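A short worksheet on the structure shown next.
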Amino acid sequence: INLIGNAVKFTAEGGIAVAAGRDGDRIRFSVNDTGKGIPEEDQEHILKPFIQSSMSDHEGGTGLGLAISSRFIEMMGSSLELESSPGRGSTFSFAIPLKVSEQPPETRPRQGTVLAVKGGVSPRVLVVDDKLDNRLILKEMLERVGFTVHEAENGQRAVSLAFELRPDCIFMDIKMPVMDGYQAVEKIKADDALRSIPVFALIASAFKHDEQKILESGFDGFLAKPFQQGRLFALIEENSEIRFEYEKPAPEGNGKSPVLNEADIIRQGGLLSGEDLRIYGEALLINDFTRISQWARENKTEGAGGLLQVIENNASAFNEDELRRILEIIQGGNE
């Protein structure tokens with residue numbers, strides 16, 4: 001978090017990429033930015049407490065973040081590495097030993113894109129978050145398929161609106177001013193008239209101890225940021241009576257999203273240029289769905305129209321998992 005925060009702070013334009021992958025018997029994590037960069041003479045002591053680069057005179061901070069991050073990494077058996085030069089950005093990375101899980105990750109059956117709430121109804125949803133951007137993202141996802149969305153900026157207002165509106169479900173941020181999510185869900189679940197309303201926590205991380213505390217506090221589930229549309233609708237279906245209509249598979253050429261198997265993706269993906277794949281990959285690294293959608297829509301590669309339509313549809317639906325799967329299949333087919 002500290003490394004990403006620094007990258008954001010010192011990158012006025014360009015981009016930031018977070019990557020992870022195998023490095024021998026370890027997993028290497030790296031944060032790369034196109035920001036100011038760090039002079040060579042500063043790199044030797046920038047990890048010491050209360051020391052900042054000469055390039056950060058007007059950026060604020062105490063000079064402790066990198067020192068603490070470096071110490072944490074050392075405790076995990078690694079060291080923080082830096083590659084940087086002024087005007088060309090910086091890359092901070094570290095490789096730590098991690099145990100291989102004995103259990104595969106939990107997977108959910110793929111049901112396709114949600115088109116609308118089933119039955120032509122318009123369920124009421126209350127979205128509670130002190131950050132306007134977070135509320136707007138969820139509002140757009142929910143209203144697109146037929147929900148009526150109401151908003152609240154803190155837990156106290158959420159409790160008041162819950163009594164007034166009796167919504168069909170509630171999405172509640174944890175950390176908020178005036179009244180936080182834990183206090184708000186306690187008040188909602190304590191009332192007989194509101195107890196049955198599903199309340200989902202909006203969280204920035206999903207560690208096991210977070211999950212346990214959230215569920216023990218009265219929440220019916222949680223949605224991690226950044227929001228993934230598939231998980232959002234699955235959460236609602238699993239914990240309420242609300243059901244959705246899903247997009248039916250459509251043959252290529254009827255104006256809707258074509259159905260492509262892995263062979264189709266490899267074949268059409270092979271027609272894309274190296275520059276096309278670079279644009280796609282870089283935008284996906286930072287979840288720039290708008291750029292991916294625009295690139296796919298404006299791309300004129302002959303013979304790859306079906307693939308580009310699928311990419312555009314998934315970008316419009318914020319479907320990071322499917323976009324990443326498509327890219328991996330294309331890259332695998334080019335090897």
Side-chain angles (χ1 to χ4, degrees), residues 108 111-118 121-185 188-189 194 197-206 210-211 214-215 217-247 286-290 292-293 313-323:
R108 299 176 181 277
Q111 291 187 280
T113 302
V114 170
L115 297 176
V117 176
K118 186 172 287 187
V121 297
S122 185
R124 291 187 302 273
V125 178
L126 178 58
V127 176
V128 190
D129 199 310
D130 60 319
K131 300 293 191 298
L132 176 61
D133 287 348
N134 290 339
R135 298 201 306 270
L136 290 179
I137 291 171
L138 270 184
K139 183 176 182 179
E140 180 181 338
M141 289 181 175
L142 292 164
E143 286 185 340
R144 183 184 63 80
V145 298
F147 285 89
T148 299
V149 179
H150 302 269
E151 302 175 54
E153 67 281 0
N154 60 62
Q156 186 176 42
R157 177 63 175 155
V159 173
S160 176
L161 283 176
F163 279 100
E164 177 184 339
L165 301 170
R166 306 294 171 90
D168 295 283
C169 61
I170 300 172
F171 288 90
M172 179 95 64
D173 189 29
I174 296 294
K175 297 181 180 179
M176 295 181 292
V178 185
M179 180 186 292
D180 67 22
Y182 290 122
Q183 295 170 304
V185 75
I188 290 171
K189 293 296 185 178
L194 303 179
I197 298 174
V199 185
F200 308 118
L202 302 177
I203 62 174
S205 62
D210 294 323
E211 297 177 23
I214 286 166
L215 297 177
S217 299
F219 287 100
D220 297 278
F222 62 86
L223 185 66
K225 307 171 187 177
F227 308 127
Q228 293 190 6
Q229 194 162 250
R231 177 57 185 151
L232 166 66
F233 295 133
L235 190 64
I236 294 173
E237 278 200 324
E238 291 167 4
N239 296 276
S240 73
E241 300 301 316
I242 299 170
R243 295 294 178 264
F244 299 106
E245 295 178 0
Y246 291 88
E247 184 176 34
I286 57 175
N287 280 359
D288 191 343
F289 299 111
T290 300
I292 295 173
S293 180
N313 291 348
N314 280 285
S316 299
F318 308 100
N319 195 340
E320 176 190 358
D321 290 342
E322 182 62 12
L323 289 170

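Residue numbers count from 1 along this sequence. This one's a predicted model, so the numbers in the text were calculated from it and none came from an experiment.
Contact check for Pro177 versus Asp130: side-chain heavy atoms found under the 4.5 Å cut-off. At a threshold of 4.5 Å between non-hydrogen side-chain atoms, the residues Asp173 and Asn134 do not count as touching.
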Checklist entry - How far apart are the C-alpha atoms of Lys225 and Asp129, what are their side-chain angles, what is the distance that settles it, and do they pass the salt bridge (Lys or Arg N to Asp or Glu O under 4.0 Å) test? => result CA-CA 12 Å; Lys225 307 171 187 177; Asp129 199 310; 3.5 Å; yes
Item to check | salt bridge (Lys or Arg N to Asp or Glu O under 4.0 Å) assessment of Lys118 paired with Glu241 | outcome: CA-CA 10 Å; Lys118 186 172 287 187; Glu241 300 301 316; over 6 Å; no
Next on the checklist: Between Asn154 and Val128, does the side chain to side chain contact (heavy atoms under 4.5 Å, CB included) criterion hold? Intermediate values first, please.
Outcome noted: CA-CA 6 Å; Asn154 60 62; Val128 190; 5.9 Å; no
Next on the checklist: Assess the residue pair Ile236 and Ile242 against the criterion (side chain to side chain contact (heavy atoms under 4.5 Å, CB included)); give the C-alpha distance rounded to whole Å, side-chain angles, the decisive distance to 0.1 Å, and a yes or no.
Outcome noted: CA-CA 7 Å; Ile236 294 173; Ile242 299 170; 3.9 Å; yes
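Annotation: salt bridge (Lys or Arg N to Asp or Glu O under 4.0 Å) contacts of Asp168 (sequence neighbours excluded): none.
The minimum heavy-atom distance linking Ile170 with Ala162 is given by the pair CD1-CB, 4.2 Å. Among all heavy-atom pairs drawn from Lys189 and Ile197, the shortest one is NZ-O, 2.9 Å. Nearest heavy atoms, Ile214 versus Ala201: CG2-CB, 3.8 Å. Nearest heavy-atom pair across Ala184 and Met172 is CB-CE, 3.7 Å. Considering all non-hydrogen atoms of both residues, Ile188 and Leu194 come closest at O-CB, 3.4 Å. Contact between Phe289 and Asn319 at its shortest, heavy atoms only, is CE2-N, 4.3 Å.
Formation of a donor-acceptor pair under 3.5 Å by the Glu237 side chain with backbone atoms of Phe244 is found in this model. Judged purely by atom type and a 3.5 angstrom limit, Lys175 has no side-chain atom pairing as donor or acceptor with the backbone of Ile203.
Distance check: Phe318 CZ to Ser293 OG gives 9.5 Å after rounding to the nearest 0.5 Å. Of the inter-residue distances, the one linking Ser240 atom OG with Asp220 atom CG reads 10.0 Å to the nearest 0.5 angstrom. For the atom pair CG (Leu223) and CZ (Phe171), the distance works out to 6.0 Å, reported to the nearest 0.5 Å. One finds the CE atom of Met176 at 8.5 Å from the CG atom of Leu202 (value rounded to the nearest 0.5 Å). Expressed to the nearest 0.5 Å, how far CZ of Phe147 lies from CG of Leu126 amounts to 13.0 Å. A distance of 4.0 Å separates CD of Gln183 from CG of Asp180, quoted to the nearest 0.5 Å.
Residue pairs meeting the side chain to side chain donor-acceptor pair (under 3.5 Å) criterion with at least one partner in residues 138-151, sequence neighbours excluded, are Ser122-Thr148, Arg135-Glu151, Lys139-Glu151, Arg144-Gln229.
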